[in-house]
Number of protein chains: 4
Amino acid sequence: MTTAILTLSCRNRAGIVGTVGNFLYQHGIDIREAQQFDDRASGQFFMRVVFEPLDASAPKPDFKPIADSYGMNWAITETAHRPRAMILVSRFDHCLVDLLYRQRTGELPMDIAGIIANHPRETYEHLDLDGIPFHHLPIAAETKMEQEAEIWRLVRDSGAELVILARYMQVLSDALVAKLAGRCINIHHSFLPGFKGAKPYHQAYARGVKLIGATAHYVTTALDEGPIIEQDVERISHGDTPETLVRKGRDIERRVLARAVLFHVERRVFISGSKTVVFGG
Amino acid sequence: MTTAILTLSCRNRAGIVGTVGNFLYQHGIDIREAQQFDDRASGQFFMRVVFEPLDASAPKPDFKPIADSYGMNWAITETAHRPRAMILVSRFDHCLVDLLYRQRTGELPMDIAGIIANHPRETYEHLDLDGIPFHHLPIAAETKMEQEAEIWRLVRDSGAELVILARYMQVLSDALVAKLAGRCINIHHSFLPGFKGAKPYHQAYARGVKLIGATAHYVTTALDEGPIIEQDVERISHGDTPETLVRKGRDIERRVLARAVLFHVERRVFISGSKTVVFGG
Amino acid sequence: MTTAILTLSCRNRAGIVGTVGNFLYQHGIDIREAQQFDDRASGQFFMRVVFEPLDASAPKPDFKPIADSYGMNWAITETAHRPRAMILVSRFDHCLVDLLYRQRTGELPMDIAGIIANHPRETYEHLDLDGIPFHHLPIAAETKMEQEAEIWRLVRDSGAELVILARYMQVLSDALVAKLAGRCINIHHSFLPGFKGAKPYHQAYARGVKLIGATAHYVTTALDEGPIIEQDVERISHGDTPETLVRKGRDIERRVLARAVLFHVERRVFISGSKTVVFGG
Amino acid sequence: MTTAILTLSCRNRAGIVGTVGNFLYQHGIDIREAQQFDDRASGQFFMRVVFEPLDASAPKPDFKPIADSYGMNWAITETAHRPRAMILVSRFDHCLVDLLYRQRTGELPMDIAGIIANHPRETYEHLDLDGIPFHHLPIAAETKMEQEAEIWRLVRDSGAELVILARYMQVLSDALVAKLAGRCINIHHSFLPGFKGAKPYHQAYARGVKLIGATAHYVTTALDEGPIIEQDVERISHGDTPETLVRKGRDIERRVLARAVLFHVERRVFISGSKTVVFGG
């Protein structure tokens, strides 16, 4: 085993940091990066350790006993592991194009299992998919059930661990959301909790805010209310129209979604109730 | 007359910019700064011109005929004019202290007509009022009517043109709001439209947003929904508590309120429906 | 003639705003957008007017007499005019890819005359040039003169009005810079004036700054010292390495260069000595 | 002993995190907050732990043996300890006024040992020192040696652990700087490394940057080159003059200096070569 990431969460109890640190030390492991958070409000403890065994041929450390004694939710993932992601998109492809570029250049250490779009392939000209499977799954009110069943089948069969809604404009049913709990990231084109739902830039324009933003969050059954992973804003003025807001917003959406996906892929994000703990990097 | 500011708004019609510019030129006036905005959505036109007569002894130009022909709402104010402001405050005085410092150092070109607080003078130790009248107007549900009548009397009798709610936590009645239309600025400690009402930092903490903010707006009868003048944000993290948010938020509130007051005093702000046009500087 | 943009600059004199506005009014022209700046320090005046003739079939207004009387530098350009841009790139193509996407989606209203790279076509896989001419012009110290002569020939023969150095890492000779004065935009990957020259992210890392940035500027003979058009920054920490700075910096470079190019193409930028006046939008 | 902060740094070696955590656990100590950083480039390790003994009457843990075995630079400071700070100021008092307010309201958990100014008391009207000693130490080229000797005497005799140059415009001699190594924070009114030295806002104006900033750093013998603790920026435009830059800059200086002082007082800052490691909060 080479470089790996240990992530864990549990109810806080005295001694966790010492116990975990000591466990790794006893197993000839060098800690490269470590962050922890003791949430006094919820009583939950979160920890992320990037480590490297001093002897690469040594067996993987058996963390289970300690984890069980603390009732931890935990995982050890080798850094070399590249999670597979399924990306869903609708008509606007700026986020999709941006994610593909970052993945291709190595910035996003993941593999793309496929792209699911509710518009046909021709909608996304100039997109060099380089072998990535493209699935056109149109949707209408009366075919939503079948379309979602197909989304689920594709996600499951492709081994996708992460689903990214890259400006996919259809609302996922509660049933599909439940299957993707904690592993489906959406980019909403507003600075939540403001301007939920449709046409947020038009809502922002009407309200006369002086900053617009975008929010990346895990999808839950409550629309646009899942745990927020990342947000950012840009300044606007009275001279902006809904069209210029859409244009300026695209840049915020791209970078916010990309940061959120990178955080998730690097296992920096923990869901804590309706919020997230993000050990940034 | 020396340096003055012409502000005007009306339904847009061809030729306003040329007509106004030409009028000033004909009257031996030099334009120092000019900004205009043609709001296509509402059909309204706004203009702000800072000018200086080439001959200081020449009479003030008679703008009324042009203004009437366009049905303009307008005013010419000499830059030397210092508007009088009444500041209202509750227990937290960080915004008040900040405004007093800026006014004293000449950064805010206005005079302070007085300070109205619903807490006694002793609450604000170390505050050198330097002769500014301090009025302790306590308030309870059953005395609200009288207290507001007194606020109104003080505002009116002091000649205050502007009322600043500097973290004044009482909600003004619709009646008082109506008297202060377009000249009462409030600082709300959230990034509107999110987290209206009470304890916005606690609401933000619960929601798990990654940025908090503050909003300065004109007060209207709909709580926290008046035309926004200025906003700003700061990044926060899972490690923040409601207390650290309150602390970090104070800085955002101070600078957002100060910018909004300066914009207003420099006559850079126009109310356009439920929004503002701000000719920044 | 339909919508057009008038840009002008000259030594400031009383009456310009009124004269120009009145001229347009007399010629049955409706002003859609107007911004002006009277630079007291330099005595220069700048103006940008977006206008639309009320009668599209009317002849173009003859602005020359007025312009000559004020000694103006001026131009009237129809909004429909799409300037042609030549883009130069070296190994890192993130800015090029971003500009191509924005141009293709209509966000950048310009045509791309060609791409000049000092690396071969294969370096830029997955780039769908869609017919845009690609020119591989390798460069070495002893072939620089010929390579630059070829750059110039391509720029001239293609009718390119704008040259964009999109992370083109070769330093243009003074001779070539002189030919491209006022129409060559470079993106430097630091927040100037800090960290000029090579490896700015490594310089920033060594200095321990807490924010990194990027700067888009017109190229002059003094390296990284031309008039700045746009800049932006991002927060970093002690945990960042030169590699993460390079990664985070790419996003800043992309958006700063794109904003600068859009400002230029929309004729919002004026060079004033060693600085720029930007009538933002 | 109640809540305390352990800070340590040393050459990195395997096992530190586990050893320290385990030590605290063995001593019945609960870790409330912990951050560490393994600087691969320098080989240095830094750690900050906020802890609380489960039994407040238990003796302070003897950390020395572990510390010695790792060759650590370390300290355990009770959170209740309030460091004493000496503040130096020149003509512009906005930073001083801001620090006094924050200290008075409890935001900065420190005591103010005194204020040293090179201007007389009358310069700072409306400043309620509330018993804080004020020392007027004028300075001229020929009296600099004596003046600095007096500064040093005051710092030493007052027990001041921290010296804050709050827009103190005199350059400290190398000799005085040496005595204050690692405990003297200066606010420079530019975004370093740009615009070192005098009149940075005028330099920024001349350069035509689109953002201005301020930098808080530890003072070293190289002017404006000490390890940076915190920085921030604000957007400006061609319309700004040196005067408006000075005005806008004051807000950035106040908040940057205040953040840096709070970080230092909360023992979140480590000097690492010419840089800092800041475990933010």
Asks: Flag the pair D:Gln36 / A:Gln36 as yes when at least one side-chain heavy-atom distance between them is below 4.5 Å, and no otherwise.
Replies: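 Yes - at least one pair of side-chain heavy atoms lies under 4.5 Å apart.
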Asks: Report which part of D:Arg40 has an atom under 4.5 Å of a heavy atom belonging to chain A: side chain, backbone, both, or neither.
Replies: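 Just its side chain gets close to chain A.
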Asks: So what's closer than 4.5 Å to chain D heavy atoms on A:Arg32: side chain, backbone, both or neither?
Replies: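 Both parts, backbone and side chain.
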Asks: Enter the distance from A:Arg13:CZ to D:Tyr25:OH here, rounded to the nearest 0.5 Å.
Replies: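 Output value for this atom pair is 7.5 Å.
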Asks: Which one wins on heavy-atom pair count under 4.5 Å against chain D: A:Leu24, A:Val49, A:Ile29, A:Asn22?
Replies: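 The option with the most such pairs is A:Asn22.
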Asks: Grab the two heavy atoms, one from D:Ile31 and one from A:Asp38, that are nearest each other, plus how far apart they are.
Replies: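 The pair with the smallest heavy-atom distance is O-OD2, 3.8 Å.
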Asks: What option among A:Gly21, A:Gly18, A:Gly28 has the most heavy-atom pairs under 4.5 Å with chain D?
Replies: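 Of A:Gly21, A:Gly18, A:Gly28, A:Gly18 has the most heavy-atom pairs under 4.5 Å with chain D.
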